[in-house]
K.L.:
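Mind having a look at this structure? Questions to follow.
All of these numbers come straight from a predicted model, not from anything done at the bench. Within every chain, numbering begins at 1; the chains are lettered A, B, ... in the order of the sequence lines, protein sequences first and strands thereafter.
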Number of protein chains: 2
Amino acid sequence: MARSATTSDAFNAVAEPQRRNILTLLTKGERTVNGIAATLGLTQPQVSKHLSVLKQVGLVTVRGSGPQRFYKVNGAGLKPMHDWVSTFEQSWSESMDRLEVYLKELQAKTQSENKPNE
Amino acid sequence: MARSATTSDAFNAVAEPQRRNILTLLTKGERTVNGIAATLGLTQPQVSKHLSVLKQVGLVTVRGSGPQRFYKVNGAGLKPMHDWVSTFEQSWSESMDRLEVYLKELQAKTQSENKPNE
DNA sequence: TTCTTATATTCTACTATTGACATATTCCGA
DNA sequence: TCGGAATATGTCAATAGTAGAATATAAGAA
């Protein structure tokens, strides 16, 4: 079996570095295909294909039907990713005090001793 | 050229749904390979390979060198992802009031009109 | 040392992605 | 209606991942 399709969800779409660069660039405002290509040093077909993927997973929207098209980022499409990643946030958060850390580690320790598998 | 390696960074490692499931499971505490396999309905080799990828990108750590090994999640490895995704958070954040939304849209609009490409 | 359990590795087949290049499509203006 | 600019799509070759099954490895116990 092969890898998950890049168009299956935001996780896969965003795994490609160039697509992340495009989204980051679009943070500054709308851009045309050639505008993106020029800024990032990519060819026009490359950008069109990347945008196609991003559009399919709802990470960008297009404005204009003419030869000139403006692409805009749709940050809301990244909310599922943000939600998932945030569940791990406590690990690096410094707002967690000593006692909380201790209790959390104790809990993890106890769990693994009692029922390592499940 | 092919897709980015799954071991190239957290983004690619986490693009695989099964690996996300494994990380989520490990949130509850340490687990053995067979424990993970049983819980998620995967084969043992599958889990070993997924864990290998996760370990290479620093998303999990191992405890024990014997036949029994306990895997633990390292949430800090997801911080770069969290940071990147958070830059788009304002899009869906409800804490942003009307005026702020208006100004932001106005700014984006003005930018695209003046210099669509760059 | 030998057996046993848990885990890691190897091999194969299939599939989808990527970049590069060429070409098709679309709409605006003359 | 026709030409041209901007964008989308198609083809090709190369590459690497995934599942599945079989097998190798490692460490503790007898």
K.L.:
Has A/R63 got its NZ or CZ under 6.0 Å from the middle of the six-membered ring of A/F70, at an angle within 45 degrees of the ring axis?
P.N.:
yes
K.L.:
Using whole Å, what does the distance between atom P of nucleotide D/dA8 and atom CG of A/L54 come to?
P.N.:
12 Å
K.L.:
Not counting sequence neighbours, list each pair that qualifies as a ring pair (Phe, Tyr, Trp, His ring centres under 6.0 Å) and has a residue in residues 38-64 of chain B.
P.N.:
none
K.L.:
Hey, what do you get for CD (A/Q18) to NZ (A/K49), rounding to the nearest 0.5 Å?
P.N.:
13.0 Å
K.L.:
Testing the basics here: between B/A5 and B/N12, what is the closest heavy-atom pair and its distance to 0.1 Å?
P.N.:
O-CB, 3.4 Å
K.L.:
For nucleotides 2-7 of chain C, just jot down a letter per nucleotide in 5' to 3' order: B, S or -, based on protein non-hydrogen atoms under 4.0 Å.
P.N.:
---BSB
K.L.:
What does the inter-axis angle of the helix from C/dT1-D/dA30 to C/dA30-D/dT1 come out as, five pairs per end, nearest 10 degrees?
P.N.:
10°
K.L.:
Sugar-phosphate atoms are those with a prime plus P, OP1 and OP2; base atoms are the rest. Using that split, label each nucleotide of nucleotides 12-19 of chain C B, S or - for protein heavy atoms under 4.0 Å, 5' to 3'.
P.N.:
---B-BBS
K.L.:
Who pairs with B/V73 by side chain to side chain contact (heavy atoms under 4.5 Å, CB included), at least two apart in sequence or on another chain?
P.N.:
A/F88, B/L23, B/L26
K.L.:
Working to the nearest 0.5 Å, report the span between OG1 of B/T24 and CZ of B/R19.
P.N.:
13.5 Å
K.L.:
Side chains of B/L51 and B/I22: does their closest heavy-atom pair fall under 4.5 Å?
P.N.:
yes
K.L.:
Is there side-chain contact between A/R69 and A/V33, with heavy atoms separated by less than 4.5 Å?
P.N.:
no
K.L.:
Not counting sequence neighbours, list each pair that qualifies as a ring pair (Phe, Tyr, Trp, His ring centres under 6.0 Å) and has a residue in residues 2-36 of chain A.
P.N.:
A/F11-A/W84
K.L.:
Of all heavy-atom pairs between B/L59 and B/G77, which one has the smallest distance, and what is that distance?
P.N.:
CD2-C, 3.5 Å
